[in-house]
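In this text the structure is predicted, and so the values were computed from the model without any measurement.
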Amino acid sequence: MNPLIRFLMFVNSLILALISVLLLYALIDDGIFADLLSPLSTIVTNKTTKYVYFAVLILIICSCTYLIVKSILSTRLSNTRVRLTEIGSVDIDGAAIESIALNSAKTAQVGIKSAKVRVSSGKNNSIRVLINSVLYSNVEIPASMVKVQEKVKKDIERYTGITVETVTVKVAKVEPVVAKVDK
């Protein structure tokens with residue numbers, strides 16, 4: 001989703017949510033808006049329209065809350081990336097790209113104990129990859145993570161044909177190497 005559209009959707013939803021909360025407050029205390037919103041006051045004081053008014057406001061608040069959450073979380077890569085061929089199209093799911101990145105990071109053999117990958121949209125149909133990793137303590141972090149970045153970028157571009165804008169590696173934790181004793 002376009003960042004400008006996402007921002008406008010967020011601002012619109014926020015304004016509608018605030019207006020809905022104020023109107024809901026008018027339902028509880030019908031005298032507060034009597035001077036400013038006299039037509040609304042007649043709707044609130046009438047028993048039959050009061051329930052319709054309440055249902056509409058709850059619907060508006062729920063939809064605004066949904067749109068706010070959706071606009072915040074929409075930076076995540078859309079479900080599929082479509083590649084057109086002469087015969088048809090190839091749909092590559094975001095989870096498949098994350099799986100390729102995770103496999104590449106783990107097979108780089110640089111001491112990654114565990115990792116989580118998140119892929120989001122970049123500029124010009126490219127993608128951004130974020131890797132949160134836990135490393136073993138005997139790892140030279142800067143040099144090893146550069147290898148991971150290069151391998152992940154190369155593998156995603158080779159296997160999917162999608163351009164990788166950035167690969168960000170965050171080291172969340174370093175754990176000691178535990179020697180196993182066989183009996």
Problem - Ala95 backbone acceptor or donor facing Asp93 side chain under 3.5 Å - result: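 Confirmed, Asp93 side chain pairs with Ala95 backbone.
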Problem - With sequence neighbours excluded, residues passing salt bridge (charged side-chain N to carboxylate O under 4.0 Å, His left out) with Lys170 - result: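 Result, salt bridge (charged side-chain N to carboxylate O under 4.0 Å, His left out) vs Lys170: none returned.
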Joint hydrophobic cluster, [X] plus [Y], side-chain heavy atoms closer than 4.5 Å:
X	Y	value
Tyr159	Ile131	yes
Val129	Ile162	yes
Leu59	Leu14	no
Tyr136	Val171	yes

Handout entry: Shortest non-hydrogen contact between Ala115 and Lys106, atoms and distance
Key =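 Ala115 and Lys106 have their closest heavy atoms at N-CE, 4.3 Å.
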Problem - Pro176 to Ser137 - nearest heavy-atom pair and separation - result: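 Closest approach of Pro176 to Ser137: CA-OG, 3.5 Å.
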Nearest 0.5 angstrom please: [X] [atom1] to [Y] [atom2], how far?
X	Y	atom1	atom2	answer
Leu57	Tyr53	CG	OH	4.5 Å
Ile92	Thr160	CD1	OG1	5.0 Å
Ser114	Glu175	OG	CD	7.0 Å
Ile61	Ile19	CD1	CD1	11.5 Å
Thr163	Lys123	OG1	NZ	14.5 Å

Exercise for the section: Assess whether side-chain contact (heavy atoms from CB on, under 4.5 Å) is satisfied between Leu135 and Ile112, documenting all intermediate values. Expected result: CA-CA 5 Å; Leu135 305 178; Ile112 294 179; 3.6 Å; yes
Exercise for the section: Apply side-chain contact (heavy atoms from CB on, under 4.5 Å) to Thr168 and Arg128, showing your working. Expected result: CA-CA 8 Å; Thr168 305; Arg128 296 183 190 125; over 6 Å; no
Practice task
Evaluate the side-chain proximity of Val117 to Leu130: yes if any heavy-atom separation is below 4.5 Å, no if none is.
Solution key: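 Answer no - side chains too far apart.
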Problem - Side-chain heavy atoms of Phe54 within contact of Leu24, under 4.5 Å - result: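 Side-chain contact under 4.5 Å: yes.
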Problem - Those residues that, when tested against Thr48, pass side-chain contact (heavy atoms from CB on, under 4.5 Å) (two or more places apart) - result: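 With sequence neighbours excluded, Thr48 shows a side-chain contact (heavy atoms from CB on, under 4.5 Å) to Asn46, given in chain and number order.
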Show the atom names and distances, to 0.1 Å, of all donor-acceptor pairs under 3.5 Å that link a side chain in residues 138-156 to residues at least two apart or in another chain.
{"unit_1": "Ser144", "atom_1": "OG", "unit_2": "Glu140", "atom_2": "O", "d": "2.8"}
{"unit_1": "Gln149", "atom_1": "NE2", "unit_2": "Val167", "atom_2": "O", "d": "2.7"}
{"unit_1": "Lys151", "atom_1": "NZ", "unit_2": "Asp155", "atom_2": "OD2", "d": "3.1"}
{"unit_1": "Lys153", "atom_1": "NZ", "unit_2": "Glu157", "atom_2": "OE2", "d": "2.8"}
{"unit_1": "Lys153", "atom_1": "NZ", "unit_2": "Val164", "atom_2": "O", "d": "3.1"}
{"unit_1": "Asp155", "atom_1": "OD1", "unit_2": "Arg158", "atom_2": "NH2", "d": "2.6"}
{"unit_1": "Asp155", "atom_1": "OD2", "unit_2": "Ser104", "atom_2": "OG", "d": "2.6"}

